[in-house]
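Just so it is clear, the structure is predicted and the values come from calculations on it, not from any experiment. Each chain gets a letter, A, B and so on, in the order its sequence line appears, and its residues count up from 1.
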Amino acid sequence: MKVKCPVCGAEIELPEDVMDGEIIECESCGAQLEVKKSGDKIELKVAEEAAEDWGE
Amino acid sequence: MFKVAIVGASGYTGGELLRILAVHPKVEVKVATSREYAGKPVYYAHPHLRGIYRRLKFTKLESPEQLADVVGDVDLVFLALPHKVSLHFVPKALEIGLKVVDLSADYRLKRIEDYKRWYGYEHPYPDLLEKAVYGIPELYGEKIKGAQLVANPGCNATSSILAVVPIASAGFIDLDHLVVDVKVGSSEAGAKPYRGGHHPEREGTARPYDASGHRHVAELEQAIRDFTGKDVRVGFTPHAVSMIRGSLASAYSWLTKDVKDLDVQRAYAKFYAGKPFIKIIRGPPMPYPDVKNVYGSNYAEVGFALDKRVGRLAMFAAIDNLMKGAAGVAVQNMNLMLGIEEDEGLKYLMPVRP
Amino acid sequence: MFKVAIVGASGYTGGELLRILAVHPKVEVKVATSREYAGKPVYYAHPHLRGIYRRLKFTKLESPEQLADVVGDVDLVFLALPHKVSLHFVPKALEIGLKVVDLSADYRLKRIEDYKRWYGYEHPYPDLLEKAVYGIPELYGEKIKGAQLVANPGCNATSSILAVVPIASAGFIDLDHLVVDVKVGSSEAGAKPYRGGHHPEREGTARPYDASGHRHVAELEQAIRDFTGKDVRVGFTPHAVSMIRGSLASAYSWLTKDVKDLDVQRAYAKFYAGKPFIKIIRGPPMPYPDVKNVYGSNYAEVGFALDKRVGRLAMFAAIDNLMKGAAGVAVQNMNLMLGIEEDEGLKYLMPVRP
């Protein structure tokens with residue numbers, strides 16, 4: 001299953017059993033992409049929220 | 001198998017060059033010079049390299065005239081000499097047909113008047129200034145490949161440039177209002193003891209230095225000029241902080257266009273496409289660059305923070321000042337100049353964390 | 001002899017309050033509360049105070065209703081409780097006639113909408129927001145003298161305010177282009193362990209956090225509003241660096257008037273005339289502030305750097321985040337509220353260097 005990276009446009013090969021919410025790293029630009037899966041529609045969205053544990 | 005020489009190999013940068021080249025499959029260090037340690041094995045200056053360079057001793061090299069005999073038959077020479085000493089070694093090295101990576105500041109700037117202003121002297125070899133290529137592969141990679149002379153960049157200039165240039169050239173920040181605040185480790189000042197670098201004085205410190213204009217800004221302004229055509233004046237203030245390695249540049253400017261986080265990320269992704277040592281940081285697990293993530297390696301972490309409320313963009317880059325800021329990029333330049341894979345040798349040096 | 005109570009005395013700020021008040025000739029700590037250490041001597045939480053507070057044990061205090069019994073007969077109470085816990089203790093303490101120094105953020109801001117934006121809640125006591133005085137003596141000393149409720153400032157806000165406000169009110173910088181870059185020690189996050197504060201993760205780090213807007217900026221913008229009448233939006237980015245104590249604010253803006261170094265120094269000198277804890281730094285032996293020069297003391301070093309080439313002014317302030325940034329200024333406020341000499345007690349705590 002081929003999907004385009006929303007940041008650099010590179011084509012990303014996704015395994016059939018990819019899970020909703022899984023984090024995929026784009027090979028070419030290193031962007032962290034969260035899998036949004038509803039039904040058979042799959043979309044990749046840039047993972048945004050910062051983990052609080054690192055901040056003060 | 002290429003042969004290289006390191007002139008001025010007893011300092012921290014010399015030690016890093018030796019550390020990297022020890023795992024470089026296509027290059028052999030034939031000569032390592034040091035007046036102070038002449039005749040001694042390299043581990044006298046670099047105890048962590050004991051047993052690694054079995055037969056390599058420091059040789060004496062005092063003047064450019066001795067270059068031919070001491071390093072005559074190598075392919076490339078690293079000049080890790082103080083500023084204004086390297087000045088006269090470079091022409092000589094080129095004369096005897098060597099490729100040169102000069103780690104001093106003597107050939108970094110293109111404009112003679114910049115040497116007048118920032119280094120206080122009239123540059124004696126203006127023609128060589130033209131010939132020299134500024135040694136940041138992510139910006140000048142193609143030119144470096146064909147270069148005979150590469151001027152290795154300053155460490156604080158490197159972190160600032162890596163943070164700013166992709167965004168400046170994307171054209172959505174106000175270049176008339178750009179400041180850079182750099183936090184740097186104590187190894188940046190080199191191995192020679194001085195009061196400010198004395199451990200009790202440095203441990204636990206956070207203090208600005210050279211705050212009304214640091215010479216590395218000239219390299220940042222030169223790079224911005226090359227990539228935007230604009231002649232800008234940038235506020236630049238380095239800070240000594242309580243760590244040994246690391247240079248974190250935090251650059252700030254105001255948006256001139258309505259851009260989203262994704263646009264900023266795209267600008268970095270486009271500029272750094274295919275560059276092996278740049279990691280673009282955004283989101284979990286750590287949203288911003290940290291020098292600890294690149295410690296002892298040639299990697300650079302680049303990130304940003306858009307403050308929509310203020311319309312301000314913060315641009316960050318974290319490097320190891322001795323690696324991507326000095327010896328690592330010198331080897332990266334060497335690889336390009338000798339036609340070797342850009343990350344050869346360097347790819348074995350993983351960041352050391354925690 | 002005044003009697004005071006410290007509610008929430010087992011944290012770093014509580015420990016500093018105890019450390020200062022141990023040498024304060026006119027004040028006695030009657031009560032120190034802590035749920036976790038209830039019944040234990042204070043040195044259980046603060047080993048360096050063993051043998052200093054011989055009879056003082058932590059008492060339990062769980063809700064505002066218990067205030068009257070537990071701390072009823074003291075003159076003033078320090079509330080060193082987490083944000084949003086202090087919120088309901090303050091009205092109760094005022095009700096039973098106590099003077100209050102609240103070290104939380106719950107009463108620092110005057111505008112309700114600021115609590116909505118920065119702290120995500122609807123402030124339940126808007127009338128008390130009016131009554132509360134923001135606890136920076138160098139800015140609001142007179143009002144603090146007559147105050148019943150003082151809201152102690154945030155540490156990064158304090159260093160930023162001390163660097164910026166005298167210059168902002170002197171009117172020669174462009175307030176539409178103002179950014180502050182703060183470097184702060186690990187003690188700022190308090191005593192509770194968390195991953196980012198774990199030693200192997202913090203040692204040797206230099207990394208931004210909350211970089212797209214940190215809540216302390218609201219206090220800086222409020223102080224600028226009070227002293228210039230202008231409603232400004234400031235870029236503000238804190239950085240975690242590898243030290244335990246210290247908050248160094250580096251603020252940058254561009255000049256709107258042709259001023260010399262002397263004019264800038266005069267602006268600071270005029271604003272801070274007669275203030276016992278401010279040291280204005282310029283020239284030798286160390287030209288700029290250093291957190292090491294105020295370590296463990298209530299002093300603040302304030303300095304600047306004019307970059308004429310760029311027309312940019314850098315404004316610096318170095319404090320100890322636990323002292324001038326928290327417990328020290330709390331005692332300074334207490335002195336003013338109780339009519340004691342402003343530097344009483346605090347004057348015995350010399351900076352510890354190297």
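- Only the backbone of B:Phe236 has a heavy atom closer than 4.5 Å to any heavy atom of chain C.
- For CD1 of C:Ile244, the number of neighbouring non-hydrogen atoms (other residues, nucleotides, ligands) closer than 6.0 Å is 12 at most.
- Evaluation of the ring-ring contact (aromatic ring centres under 6.0 Å, His included) rule for B:Phe277 yields B:Tyr299 as partners, not counting sequence neighbours.
- Note: C:Pro289 leads C:Gly311, C:Gly303, C:Ala314, C:Pro289 in heavy-atom pairs under 4.5 Å with chain B.
- Under the 3.5 Å distance criterion, with hydrogens and angles disregarded, no donor-acceptor pair is assigned to the side chains of C:Asp307 and B:Ser212.
- Contact annotation: the side chain of B:His239 approaches that of C:Phe316 to within less than 4.5 Å [non-hydrogen atoms, C-beta and beyond].
- Looking only at heavy-atom pairs under 4.5 Å with chain B, the residue among C:Ser250, C:Gly213, C:Gly246 that has the most is C:Ser250.
- Between B:Asp290 and C:Pro208 the shortest side-chain heavy-atom distance does not fall below 4.5 Å.
- Identified by a heavy-atom distance below 4.5 Å to chain B, contributing residues of residues 318-328 of chain C are lacking entirely.
- Between chain C and the residues B:Met243, B:Arg233, B:Arg202, the most heavy-atom pairs under 4.5 angstrom are made by B:Arg233.
- Other residues, nucleotides and ligands contribute only 12 or fewer heavy atoms inside 6.0 Å of the NE2 atom of B:His199.
- Under a 4.0 Å N-O distance rule, the pair C:Arg353/B:Glu201 qualifies as a salt bridge.
- Of the residues considered (B:Ala211, B:Ala305, B:Gly196), B:Ala211 shows the highest number of contacts with chain C, using heavy-atom pairs under 4.5 Å.
- Of the atoms belonging to B:Asp261, not a single heavy atom falls under 4.5 Å from chain C.
- Only the side chain of C:Leu248 comes within contact range of chain B, with heavy atoms under 4.5 Å apart.
- Heavy-atom neighbours of chain C within the stretch residues 110-120 of chain B, taken at a separation under 4.5 angstrom, comprise B:Arg117, B:Trp118.
- Your options are C:Val234, C:Val241, C:Asn293, C:Leu313, and the one with the most heavy-atom pairs under 4.5 Å with chain B is C:Val234.
- B:Arg309 and C:Glu221 are joined by a salt bridge, as a carboxylate oxygen and a charged side-chain nitrogen come within less than 4.0 angstrom of each other.
- With chain C as partner, the option from B:Ser253, B:Ala206, B:Gly235 having the largest number of non-hydrogen pairs under 4.5 angstrom is B:Ala206.
- Remark: C:Tyr209 OH to B:Tyr288 OH distance equals 12.0 Å, nearest 0.5 Å.
- Using modelled atom types and a 3.5 Å distance limit, the side chains of C:Arg312 and B:Thr237 yield a donor-acceptor pair.
- No part of C:Phe304 comes within reach of chain B, as not one of its non-hydrogen atoms sits under 4.5 angstrom from that chain.
- What you find for B:Pro354 and C:Pro200 is that their closest heavy atoms are CB-O, 3.4 Å.
- For residues 177-185 of chain B, the interface with chain C (any heavy-atom pair closer than 4.5 Å) comprises B:His177, B:Leu178, B:Val179, B:Asp181, B:Lys183, sorted by residue number.
- For chain C, the option among B:His198, B:Arg245, B:Lys292 with the highest count of heavy-atom pairs below 4.5 Å is B:Lys292.
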